Every structure is written in C-alpha cells, then in structure tokens.
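One structure below.
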Amino acid sequence: MEAVIEFFEIFINSTDVFFRGLWITLRLSVVSLLIALVIGLFFAMLKISNVKALERIADMYIWIVRGTPLIVQIFILFYGLTDVFLISMFWAAAIALAFHSGAYIAEIIRGAIQSVDMGQTEAARSLGMTQSLAMRRIILPQAFRRAVPSLGNQFIIGIKDSSLASFIGIQELFGVANSLGSNSFNYMPYFLSVAVYYLLIVLILTFCVNRLEKKLAVSD
Amino acid sequence: MSEAKEMIRVEKLNKSFGDLHVLKDIDLKVNESDVVVLIGASGSGKSTLLRCLNFLEIKNSGNIIIEGEQIEKETHNLNKVRERVGMVFQHFNLFPHKTVLENVIEAPVQVKKMRQSEAEEIGKELLNKVGLGDKNNEYPSKLSGGQKQRVAIARALAMNPDVMLFDEPTSALDPELVGEVLATMKELGEEGMTMVVVTHEMGFAREVGDWVVYMHDGKIVETGKPSDIFDNPKEERTQAFLNSVLH
C-alpha cells in the first residue's frame, strides 16, 4: 500500500518535469512522422515507378532500415549528421526516426496504392487526366483511406520508438524518467510513470485514428 | 450516303499482348453522328479495339486517325486526345471517394480548368439529363448499377467529347437495370453523338446502331447496316454467331 501511495506522490510531484519531456516526445514524434510520411510517399512512388533502377533504390533503402536495429540507425545518423552539418540534437533525432519509419510507411503506402483497382486509373486517364493528376486526385485519396489503420499502427510504433532518442541525450519522456531515477536512486516509480504517459498517448491516438476511419467511411 | 465528316479512321491496326495477336489488320471508319456497334464473341478483340481508340492500349502498328489527325504516342499528347474521346466502362469505375456531382465535375475542373461554379452547373444539367438530378450529393456506393453507369455516362459527357466509347456498358448490370442505361445511350445517339459501342445487347445494336461490325478472332468479319447484318448476314461465321446469341 505504501508503495502505491509513494508512486502516486512521485507521479503527481513530477508532472511538471514530465510535461516538459512529454512536450518533446510529442514534438519529436509529430515532426519525425511528418517527415517519414514524405519519405514514405517518395519511396512508395519509386517502388511503383516501373523503372528498375528506381525500384532498386527503394529496395535498398527498405533493406537497410529493416536490416539494422533502430538504435544503430539513430547513433549512426545522429553522429553522422551532427558531425557534418550544423544541426540541433532535436533535428538529428527527428531525421533519424523519420529515416526509420519512412521505410515502413513506404511499404504501407505502396500496398495501399496497389490495392486500388486499375479501373480507377483508367477512368481518370480516359477523362484526359495526366498520370500525376490521376495519382494525386483519384488514387492517393483512396489509398490513404485504406492505409489509415496501418499508418495509425505505424505512428504508435513511431511514438514509442522516439524513446530511443534519450540515448543520444534528448530529454524526452524516457530521458526524463531516467534522469529523475538516477538522481533519486529510485527508478521504479519513474519508469512506471513514463509507462502511464505512453499508455495515455497511445490511447488518445487510437481514439483519433478510429474517429478518422469512421469519418473517411462516409462514402462506403 | 452523303459526305459526312469523318470522326475516326483505323487503318491496318495490329495489337498483340506478348505472343497473343489480338487485333489483326483492323480497318474501321466512323463518321460524325454514327453509332457503330461492335459485336462478337468474348475474346474476339472488340474491347481491345475500343481501348486502342482511347489509347488505353497502345497499338503495335497501323494508323489511328481521329478527326483527320493521325495520332501517335510519340508526337501527340494523348491526354489531350482523350479529352475529346469519352469512355464508359463495364464496371463503371466511378470514383468512390467523391459524390456523384464531384465525379462529374472532377475532370472539367482539374483538366479543363473550368470554374467550379460553371462545372457544377453543367454537371447538374447532365445529371438531370441522365435522370439522376436528385442524386447530386450521394456517394456512388448508394446507387444501383444502372444509376452508377448513368453517372459514368454523365461524367464522360462533362468533358464535352466528340466521340463516346462504350465498353460493354450493361454487362455488369442486373437484367432489370439494363434498360435504363440503354435508353440513356439511345437518347444520346439520337442527339447526334458519335458513338462506338461494344455490347452483347443485340436489340440495341439493331435498333440504335447505324452500323454493326462483327468481329471474330481479332478480325472484322463483316460490317453493315443492322438490317443487313441481322437479317441477311453474308458471312457464314456471322450467321453462326447470330444464331448462337439470338436463339
């Protein structure tokens, strides 16, 4: 019982510090996932380009991301980027996380695009639309709808993965928990607190994705 | 026959898919306001011929001349050509994420850069014309097959094409819905639209067609007025085909 009370005390007393970490986690996640969407869309386009060389480039990228641990990618990109460019820790971490998520998002988008019936492209082209206009106006909106559940899932993974940025010194949620733990030599309440924060974030995001799915289903 | 304006001319058209020779030396002429109906068994090349006319399939050899202009993919912007050649598909291919009216105005606004309000006016008019004036804001999923196909016709008409191609427009419909689509097409033909129609509806071919073209095995076997083809087919294979579908 005492331990439970102690945990709640620590949880409540540490909210202001954790909120700073939460803010960084949210910013890091949103920024990296937006970049990842752009990267994902780009490599999805390469994959469906029907140009062998471009497909190879996309395959290579996806192979590298899937074939190495995220923490390794973060370290390589972080030290690589900060060595070469004048770039903040935050942006280096965001780019590293985006580089990682981008590969999975590319595969999600490619699958969704290819699941749209060929007849849609033909109908669009028969009306005089160019390939890119048909893609933008007709194919991608339908593909995006189909991709929403998988993208939501990937976003959840991305938010949780952002905790690895603490290893390069970013004071996001997990970094905060680690610091507070090491200051007090009492880790467990802070680790439990950080778990609660992640659970809440994921709960809210899941709710939003479900809402979006319902909203996009009006035309079904 | 009076000197009508030539809309489409096809000369020695050949098309293969890999080893499969689908169209063999096709010659075809379609004058303005003609309704040309292509009939023949499945796999005879009717649909492929139609798709070549809209450049959804690219020919291997031969000439396709549209309104006096020989169209080649190397020298012509096919998108511009397609603006003049409307197409209606067997499976409608309406855009499911857009309402009925949005389907119709999409190309005028995006391709022709027509003002939204102007496109909507034209779109509503066209939907009225095909008998769906009350469905403007419905999504395609709420419509019957026959209604979907009429929207597809309105969508193609919204680009104000010079020719309309119909690729088995009633083959995916329940029998009781075929009539409403054929009636819309008949009306269109009577208004003077140039049409090339691939269909298995022999009643439509006879009643609405100006010319009937019988295809077999990638070749045009016989072309004639509907009365000639249906009542006095010259070729044995035409007779056999008509016997099999009419009896």
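The model shown is predicted, which means the values in this text are computed figures rather than measured ones. All chains are named by letter (A, B, ...) in the order of the sequence lines, taking the proteins before the strands, and each is independently numbered beginning at 1.
At a 4.5 Å heavy-atom cutoff, the contact between A:I138 and chain B is made by backbone and side-chain atoms alike. Neither the backbone nor the side chain of B:V88 comes within contact range of chain A; no heavy atom of the residue lies under 4.5 Å from a heavy atom of that chain. Heavy atoms of B:L94 lying under 4.5 Å from chain A belong exclusively to its backbone. Heavy atoms closer than 4.5 Å to chain A are found in both the backbone and the side chain of B:M87.
Annotation: A:F191, atom CZ; neighbour count of heavy atoms from other residues, nucleotides and ligands within 6.0 Å is above 12. Environment of CD in B:E118: crowded, with over 12 heavy atoms of neighbouring residues, nucleotides or ligands closer than 6.0 Å. Surrounding CZ of A:F207 are at most 12 heavy atoms belonging to other residues, nucleotides or ligands under 6.0 Å away.
Here A:G128 is the residue among A:P141, A:G128, A:G119 with the most heavy-atom pairs under 4.5 Å with chain B. Taking chain A as the reference chain and counting heavy-atom pairs below 4.5 Å, the highest number among B:A152, B:A158, B:P96 is found for B:P96. The candidate from B:L56, B:V85, B:V81 with the greatest count of non-hydrogen atom pairs under 4.5 Å with chain A is B:L56.
Among residues two or more places apart in sequence or in another chain, the salt bridge (Lys or Arg N to Asp or Glu O under 4.0 Å) test is passed with B:E72 by B:K59.
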Write out the donor-acceptor pairs between chain B and chain A under 3.5 angstrom, atom names and distance to 0.1.
from	atom 1	to	atom 2	distance (Å)
B:R51	NH1	A:E122	OE1	2.9
B:R51	NH1	A:E122	OE2	3.4
B:R51	NH2	A:E122	OE2	2.5
B:N79	OD1	A:R125	NH2	3.1
B:N93	ND2	A:G119	O	3.1
B:L94	O	A:Q120	NE2	2.8
B:H97	NE2	A:R137	O	3.1
B:E106	OE1	A:R137	NH2	2.9
B:E106	OE2	A:R137	NE	2.7
B:E106	OE2	A:R137	NH2	3.4
B:S141	OG	A:S219	O	2.6
B:K142	NZ	A:D220	O	3.4

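Shown here for A:L127 and B:A107, the closest heavy-atom pair between the two residues is CB-CB, 3.7 Å.
How far CD1 of A:I139 is from CZ of B:F95: 8.0 Å, rounded to the nearest 0.5 Å.
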